[in-house]
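Just below is one structure, and these are the notes that go with it.
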There are 2 protein chains.
Amino acid sequence: MADDLELDRQVCFALYAASRAVTQLYRPLLDALGLTYPQYLVMLVLWEHGPTTVKELGRRLELDSGTLSPLLKRLETANLVTRRRLAADERSVEVHLTDAGRSLRSRATTVPRKVSAATGLTSHELRSLRRDLVRLTEAVGSSRLDPDQP
Amino acid sequence: MADDLELDRQVCFALYAASRAVTQLYRPLLDALGLTYPQYLVMLVLWEHGPTTVKELGRRLELDSGTLSPLLKRLETANLVTRRRLAADERSVEVHLTDAGRSLRSRATTVPRKVSAATGLTSHELRSLRRDLVRLTEAVGSSRLDPDQP
DNA sequence: CCGAATTCGATTGTGCGCAACTCGATCGTG
DNA sequence: CACGATCGAGTTGCGCACAATCGAATTCGG
């Protein structure tokens, strides 16, 4: 019905708009570090876990090599990471922080607090929002919608 | 601190991942209609409100002309919309549905129900999630973070 | 072992998002 | 009315996302 199509903009569009708005919030902070938001996510994984294969980055960030390969190439050009093939499995590439990549961490520590303050939500609301979003992502990830089914 | 950087992936990453997961959920349904998700949003506005200027589409969808102009050109090539300058203000371009664009609406009516069913959330949870997302978007939209401020 | 299937990463091509810019139309002020 | 400022679209350039494909390395089944 027409009503369904009007209502449709409610949750899904809200999610789409919120995600872009938050990315915009990060932009000036990350510009100062010379990073984009996806690049920042990669750096977060490397800061937290150390050397990580491309496959593992893809698993943690839910991104594929078509996104990660050129992104990592740009981080390498920026002298923040290096890549090397694993001796144990020459198919795998492990991403390592450079000294510059490691030292960038200290300049990034103020980012999360600024962002969460700007959201205008309490930490309780943020936690509740996160829980719903994770549930949504998990439920949606296991669905394969068929356009011909009801 | 290091802890902050780990926590940072919590809400913001959840939002980023959920948004992409939901877009993936739409993809097979919209592929059957020959639309991308942003194109579908434009069609929703046109189905609901009729002829709309590019500026008004941008206001409703929070997209700028750099995104909308090429998107509308593709919808025009697909024969779903036409564009014409307003006589009253030659700067403005009004977007109109073609007959094919109007008739696509009936094939889109099943999309919202399929998507909301696949989210695995109750309608109450979806409403609560939407409310938080809208608040987040509004709070974030009025913030301009300065990398040099605390 | 050995050939087929799988895995990993990179590449290609398309379509956003968004900043920065251009250009013509319009508006505001003197 | 003149003219500088502003406005609305469009264009350009860059960096994702993601589907599809490729090639090399590895694993698996017979």
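Numbered from 1 within each chain, the chains take letters A, B, ... in sequence-line order.
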Heavy-atom check, side chain of A/L72 versus side chain of A/L57, under 4.5 Å: yes
Polar side-chain atom of A/S116 near backbone of A/K114 as donor-acceptor pair, under 3.5 Å: no
B/E56 side chain reached by B/E94 side chain, heavy atoms, under 4.5 Å: no
Sugar-phosphate only, base, or nothing, as touched by B/S92 at under 4.0 Å among non-hydrogen atoms: sugar-phosphate
Toward the 5' end of DNA chain C, by each residue's nearest nucleotide, B/E90 or A/K55: A/K55
Axis deviation across the helix from C/dC1-D/dG30 to C/dG30-D/dC1, five-pair ends, to the nearest 10°: 20°
Atom pair distance, as rounded to whole Å: CG in B/L57 and P in D/dG8: 14 Å
For DNA chain D, the residues among residues 70-81 of chain A that have a non-hydrogen atom under 4.0 Å from it: A/L71, A/R74
Check against side chain to side chain contact (heavy atoms under 4.5 Å, CB included), B/T53 and B/V93: CA-CA 5 Å; B/T53 63; B/V93 168; over 6 Å; no
Single-linkage hydrophobic cluster, 4.5 Å side-chain cutoff, A/L33 and A/V45 together: yes
Any N/O pairs under 3.5 Å between the protein and nucleotides 17-21 of chain D? List them or say none.
| unit_1 | atom_1 | unit_2 | atom_2 | d |
| --- | --- | --- | --- | --- |
| D/dA17 | OP2 | B/Y16 | OH | 2.4 |
| D/dC18 | OP2 | B/R20 | NH1 | 3.1 |
| D/dC18 | N4 | A/G66 | O | 3.4 |
| D/dA19 | OP1 | B/Q24 | NE2 | 2.7 |

Pair A/L44-A/W47, side chain to side chain contact (heavy atoms under 4.5 Å, CB included): steps then yes or no: CA-CA 5 Å; A/L44 285 180; A/W47 286 329; 3.9 Å; yes
Nearest-Å distance for atom pair CZ/P, residues B/R91 and D/dG10: 14 Å
CA sep, side-chain torsions, deciding dist, call: B/R60, B/H49, side chain to side chain contact (heavy atoms under 4.5 Å, CB included): CA-CA 11 Å; B/R60 290 187 182 277; B/H49 298 285; 3.4 Å; yes
Under 3.5 Å, which donor-acceptor pairs do the side chains of residues 11-22 of chain A form with other protein atoms, sequence neighbours left out?
| unit_1 | atom_1 | unit_2 | atom_2 | d |
| --- | --- | --- | --- | --- |
| A/R20 | NH1 | B/E62 | O | 2.7 |
| A/R20 | NH2 | B/L61 | O | 3.0 |

Donor-acceptor contact present, side-chain A/T137 to main-chain A/L133, <3.5 Å: yes
B/R59 CZ to B/T52 OG1 distance, which is reported to the nearest 0.5 Å: 10.0 Å
5' to 3' contact window, DNA chain C with chain A (heavy-atom distance under 4.0 Å): C/dT7 to C/dA19
Summary of salt bridge (Lys or Arg N to Asp or Glu O under 4.0 Å) pairs that have at least one residue in residues 77-87 of chain B, sequence neighbours excluded: B/E76-B/R83
Path from A/V81 to A/Y37 over hydrophobic side-chain contacts below 4.5 Å: yes
Sugar-phosphate, base or nothing in reach of B/R59, heavy atoms under 4.0 Å: nothing
A/L75 and its side-chain contact (heavy atoms from CB on, under 4.5 Å) partner, picked from A/V42, A/T36, A/L97, A/V95: A/V42
5' priority, DNA chain D, between B/D89 and A/Q39 [closest heavy atom]: B/D89
